[in-house]
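Structure, as structure tokens:
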Amino acid sequence: MAATGSAEGVSGSSALWAEVRALLPRAEEGLPLALSGEVEDCVLPLLRRARALLYGAAGRPGAAAAAALERLSDILRDYSWEKLNAGPWREVGKGWRQVYAYGCLFGALAEVAAGRSLARAVRLCDLGLLMGAAVLDNALARLVRALQPHLPRAAPRDRARAQRVRLQPPPPALRPQEVIPHLHCPSLEHFRDNYLVPQRPVVLEGIMDHWPCMKKWSVDYFCQVAGCRTVPVELGARYTDEEWSQQLMTVSDFISQYIMAENNVGYLAQHQLFDQIPELKEDISIPDYCCLGEGEEDDITINAWFGPGGTISPLHQDPQQNFLAQVFGRKYIRLYSPQDSENLYPHESQILHNTSQVDVEDPDLVKFPNFTKAEFQSCILMPGQILFIPVKYWHYVRSLELSFSVSFWWS
Amino acid sequence: MAAPAGAWLVFGFSPEEAAGEPGPGPGPWRLEAGPEGISRVWPAWSYVVVETGAGLELRSAGQRRRLPGWAEALPSETHLVLRGPAGARAWRREAALSGALRDEPAWSRDLPAEPRQPLPLLPGGFATPRPPFFTALPARVRAQRLVLGTEHAVALSTAGEVFTWGGGRHGQLGHGLLESGLQPRLVEALAGVPMRAVAAGGWHSASVSEAGDLYVWGWNESGQLALPSKALAQERAQAEDSSTGNTKLTPCQEQLAAEGTAFISIQAFPALLDLPQDLEVSVVSCGSRHTAVVTRGGELYTWGWGKYGQLGHGNNVSSDQARRVEHLVAEGLRVEDVVCGPWTTYVRVQEP
């Protein structure tokens, strides 16, 4: 990142402000601050005051106005943050998420107006994209797209460090009877009749052959395209551990701290990266077989799973069908049928009810004796392969090396 | 229930800033009062209700409104609950701010004239400054004091036991779980130690024992439990990197990871908090994400989120360690009471 004061990455130019300002409605009346849900009246004067500061100046807000705008944005973000954390996420009002998004938008604009480092502005945009709800015709996405080219390119990776990779323990040997069948480009009908309808797992090959990601994606590529972007990272061996936590950091930091250095385990997991960075979405495709489902294509949830060797997703089940596409690296995956659920000892608690208590590769058979009764299938998922995981099928995943997967949840 | 009157100082976020106007700064600023002083304060986020010699008064940005005939307040950003001799009423915040208390209240409940317990406690239950306004409380709790957090409630029984209920995802119930509970449940870990005070913040709780020991539990994301907070350590590492001119973020952060410090994000069971020099606590109060205590020796210690100056140290730095507010010591002010608003700390002081 450029040091403060240097020309690179700092928006000294009024040209950048003009470009950014053009993303907003021309006149103040064009920014009605409409919210899709109820919020407390106390934030309305703050939103209006921020808007006034933005539209008050003839050109770029001066230092005092930018400072006042920054302060208002802080207050809007901090107040709405408390609302975002005031109950289960699904119950958080959309209005409050929009207030948070406005707080991020006004804060990012204040950073640009004040001529400070754009990295902070991009971070604020990302916070709004991650936790807010779209405002002003997705202004945050448009703003970050405008700012990104003005950021300094990420420094090239230290090649020497790439060699220091911790070897992962080998997976259990795959016995013939448990290997998941592999098929090359089956027809829609064949897949539907033999795997989707009877709900049987299968590994599909040849589907990803022409996806641009197979040629384009590498750690360096992500550094260049998304290095400055803030993403949620899971820290800790597995999400059932006490020390497990989530943290926000830039893709560059994630790569240097958890991919290159491999201190402790960090996993960019279950993140809708392709909504946050639409450019990457063009490198992948939605498998045709998803059209066999009842849902709309827009309802398909696409998640990125990017991490070093040794990331573990404990045995768990999901409420939708899943296509798990492997882009680079290999993963050991074990599957259990939902019919065997009783032998898998799911957690009692509400939050973890979809997760087994058993550590698949090191089961405590004294505590969980019936685990041996459960039949399973397994595979080592290789680059270019897509695993079909039927709905509610229990799955355990361990990466054997640096790995990037894309999952498609569909119904 | 006459409370001693005195001089009050405030640190933190002002009602002016809540209205989007420039504020007087993080403080301390003195609460204006007549010769009789102010005896009690009930702070909300954008306004505060104070009890002066002339009765209750609502103070918000640039205005003051008398609330004649009322004895106690329970304010929020949606409603204001007032309790008086006839009973309790709730008005929408806007009605209260504009003085429209003759309008139909959003809620009312007739009560006996003599209150036995302070708000939010009411006979048979407790009040909340938002719908449903009244919630029944089982008699078994025998509550003498009750405090409300963002998602939970903490009650102190006449026997010195602590009961908690409500949202528990951040360990604020103190039962060792991350689960919520609708019914008041005894905090077993404190069962052997009689408590004489309880406090609730946004997502954390605190209690003080008869002997003056402080117990804390819940969310520690800003160091509000005075336990090591990862986010604060990273902020400090980044600040150090920029002050030494080191613009690469990695070295200090890698060091953090290597140190293996036991950061605590959630403390699901009560933990005893040792203050410096084993000082005894007389009063505790919690804001959204910070905590303040008054010691028996009349000093104020604060910790947790400090972005708006609410810790009283004259800056906007958060802290995961209990620190004495030096300004009060320097001025020779003995602290007698502390009440936290969401982003503020109000202290009653005895002037030298």
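In what follows, chains carry the letters A, B, and so on, assigned in the order in which the sequence lines appear, proteins first and then strands, with residues in each chain numbered from 1. Quick caveat: nothing in here was measured; it's all calculated off a predicted structure.
Annotation: salt bridge (charged side-chain N to carboxylate O under 4.0 Å, His left out) contacts of A:R123 (sequence neighbours excluded): none. Under the ring-ring contact (aromatic ring centres under 6.0 Å, His included) criterion, A:F222 pairs with A:W217, A:F306, A:F404, sequence neighbours left out.
Environment of CD in A:E91: crowded, with over 12 heavy atoms of neighbouring residues, nucleotides or ligands closer than 6.0 Å.
Here B:K307 is the residue among B:E179, B:K307, B:R92 with the most heavy-atom pairs under 4.5 Å with chain A. Interface summary for chain B: among A:S349, A:G87, A:S245, A:P88, the most heavy-atom pairs under 4.5 angstrom belong to A:G87. Ranked by heavy-atom pairs shorter than 4.5 Å toward chain A, the options B:R169, B:E94, B:R93 are led by B:R169.
Aromatic rings of B:F11 and B:W343 (six-membered ring for Trp) have centroids beyond the 6.0 Å cut-off, not under it. For A:Y100 and A:W81, the ring centers are positioned 6.0 Å apart or more. Between B:F269 and B:H175, the distance separating the two ring centers is not shorter than 6.0 angstrom.
Using a 4.5 Å cut-off between heavy atoms, A:L72 contacts chain B through its side chain alone, with no backbone atom that close. Of the two parts of B:F13, only the side chain, counted from C-beta on, holds a non-hydrogen atom closer than 4.5 Å to a non-hydrogen atom of chain A. Heavy atoms of A:L44 lying under 4.5 Å from chain B are absent altogether. Of the atoms belonging to B:S265, not a single heavy atom falls under 4.5 Å from chain A. Contact annotation for A:E40: only side-chain heavy atoms (C-beta onward) come within less than 4.5 Å of a heavy atom of chain B. At a 4.5 Å heavy-atom cutoff, the contact between B:E17 and chain A is made by backbone and side-chain atoms alike.
At least one side-chain heavy atom of B:S288 sits under 4.5 Å from a side-chain heavy atom of A:E82.
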